[in-house]
Amino acid sequence: MKKFFFLTLVCILSLGMAFTVQAETYKGKIGGGPTGGTFNTFANGMSVYVPKNMDNVKLSAVGSGGSVENVKRVSSGESNFGLCYAVDSALGRGGKLPKDDTKYDGVRAMGFLYGAPAQLVVRADSEFKSAMDLKGKKVAVGNAGSGAAASAERFFRHIGVWDNFDHQFLGYSQAASAFKDGKID
């Protein structure tokens, strides 16, 4: 937890140092993610913390689909900063995002924020023993445009089941509610 806090602080301070060269007030947008997600929480925190500690900076957190969408928004200039998975940034720069060969070369990494393990959750009393058992089922994979959805697609395509289940593009909070209500497997 201390390492996580330290890395977060370093990223926030790096962001702040980028603004210190500005004499007049800098206004910027930080692309976060869907409601209930970590990216959204970090973007909101940065938009509050940095301006409290730097008089010449005003930031606003912008909700988004997540990682892939943030790569596109930053590259186009719609957002000044965006949180994303390193793989989505690299694939975007190289024009290798799924079903999108556009080269989003207007982005660069500023630093590491945190590691994100993937999680596949099923009910304890379900018949599922492996991801292969999801064929024909409803599976929440993350918001459209999110790193979670892109990572899920990469994983499930790799094991050959992506085209064999019903993808539900739901963010974290929506997926948790749908799972609780038995609307997804």
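Pairs passing the side chain to side chain donor-acceptor pair (under 3.5 Å) check and including a residue from residues 100-112, sequence neighbours excluded, read K72-D100, D100-T102, D100-Y104. Each salt bridge (charged side-chain N to carboxylate O under 4.0 Å, His left out) pair with one or both residues in residues 136-147, not counting sequence neighbours, appears once here: E127-K137. For the salt bridge (charged side-chain N to carboxylate O under 4.0 Å, His left out) condition, the pairs that include at least one residue of residues 157-179, sequence neighbours left out, are E153-R157, R157-D163.
Note: the hydrophobic cluster containing I184 also contains V121 (ILVMFWY, side chain heavy atoms under 4.5 Å, direct or indirect links). Cluster membership check: F179 does not share its hydrophobic cluster with F169, using side-chain heavy-atom separations under 4.5 Å among Ile, Leu, Val, Met, Phe, Trp and Tyr.
The distance from atom CG of L59 to atom NZ of K52, rounded to the nearest 0.5 Å, is 13.0 Å. Atom-to-atom distance recorded for E69:CD and F39:CZ is 12.0 Å, nearest 0.5 angstrom.
Every residue two or more places apart in sequence or in another chain that forms a side chain to side chain contact (heavy atoms under 4.5 Å, CB included) with K58 is listed here: T25, K27. Residues that satisfy the side chain to side chain contact (heavy atoms under 4.5 Å, CB included) test with V122, not counting sequence neighbours, are S126, F128. In this structure L120 satisfies the side chain to side chain contact (heavy atoms under 4.5 Å, CB included) test together with A131, L134, F156, sequence neighbours excluded. Scanning for salt bridge (Lys or Arg N to Asp or Glu O under 4.0 Å) contacts around D181 gives an empty result, with sequence neighbours left out. Shown here are the salt bridge (Lys or Arg N to Asp or Glu O under 4.0 Å) partners of K135, two or more places apart in sequence or in another chain: there are none. Partners of R154 under the salt bridge (Lys or Arg N to Asp or Glu O under 4.0 Å) rule, at least two apart in sequence or in another chain, are D88. Qualifying side chain to side chain contact (heavy atoms under 4.5 Å, CB included) partners for N143, counting only residues two or more places apart in sequence or in other chains: P34, S146, Q174.
Relative ring orientation between Y114 and F42 is described as parallel, the plane-to-plane angle staying below 30° on a 0-90° scale split at 30° and 60°.
Taking all atoms of both residues into account, the shortest heavy-atom contact from A175 to L170 is N-CB, 3.9 Å. Contact record, G142 with A149: O-CB, 3.9 Å, taken as the closest heavy-atom pair.
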Give the table of side-chain donor-acceptor pairs shorter than 3.5 Å for residues 78-85, with sequence neighbours excluded, one pair per line with atom names and distance.
| unit_1 | atom_1 | unit_2 | atom_2 | d |
| --- | --- | --- | --- | --- |
| N80 | OD1 | K29 | N | 2.7 |
| N80 | ND2 | Y26 | OH | 3.3 |

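V62 belongs to no hydrophobic cluster with other residues, because no ILVMFWY side-chain heavy atom falls under 4.5 Å from its own, directly or through intermediates.
Between the side chain of N44 and the main chain of T41, no donor-acceptor pair closer than 3.5 Å is present. Looking at R93, its side chain does come within 3.5 Å of a backbone N or O of V107 through a donor-acceptor pair. No donor-acceptor pair closer than 3.5 Å links the side chain of R73 to the backbone N or O of V68. S64 places a side-chain N or O within donor-acceptor distance of the main-chain N or O of G32, the cut-off being under 3.5 Å.
Residue D55 places its CG atom among 12 or fewer non-hydrogen atoms of other residues, nucleotides or ligands, all under 6.0 Å distant.
Side-chain contact between V141 and W162 is present, with heavy atoms from C-beta onward closer than 4.5 Å.
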